[in-house]
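Heads up: the structure comes next, in structure tokens.
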Amino acid sequence: MVVILTSIFSAVIIFITVFSMIKVLSIAYKRKEISHLKYRVLATSFIVVGILVTSVLPFGYQKVSEIIL
């Protein structure tokens, strides 16, 4: 139960971080500071890395929980 709650809260934090980074990229794109291709590549990479980290977290928290308990 603890692992599930910890994973959910961590996933929320990661989601907020990815959303904020995409918002920053959007502002930079509107100001013509980055190209459209760079915007798409960076936004896609942020989303993919966020999903990968979120999917790996429960296993890491499970290992830490086993060590502590």
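These numbers come from the heavy atoms of this one structure, side chains and all, not from hydrogens, waters or symmetry mates.
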Heavy-atom pair of closest approach, residues S55 and L52: OG-O, 2.8 Å
Please confirm whether the backbone N or O of V3 pairs with a side-chain atom of S7, one donor and one acceptor, at under 3.5 Å? yes
Distance check, rounded to the nearest 0.5 Å: Q62 atom CD versus I67 atom CD1? 10.5 Å
Using the rule that Ile, Leu, Val, Met, Phe, Trp and Tyr join whenever any side-chain heavy atoms are under 4.5 Å apart, tell me whether F19 and V12 fall into a single cluster. no
For I14 and L57, run side-chain contact (heavy atoms from CB on, under 4.5 Å): C-alpha distance rounded to whole Å, both residues' side-chain angles, the deciding distance at 0.1 Å, then the answer. CA-CA 11 Å; I14 292 169; L57 277 177; 3.6 Å; yes
Side-chain donor or acceptor of S45 paired with backbone N/O of L42 under 3.5 Å: yes
Consider only side-chain heavy atoms of I, L, V, M, F, W and Y, link residues closer than 4.5 Å, and tell whether V49 and I22 are in one cluster. yes
Side-chain touch V18/I51, heavy atoms, less than 4.5 angstrom: no
Quick check for you: to the nearest 0.5 Å, what is the distance between L25 atom CG and E33 atom CD? 11.0 Å
Between S10 and T6, is there a donor-acceptor pair closer than 3.5 Å when you use the side chain of the first and the backbone of the second? yes
Evaluate the ring planes of Y39 and Y29, with Trp represented by its six-membered ring, and classify them as parallel (under 30°), tilted (30 to 60°) or perpendicular (over 60°). parallel
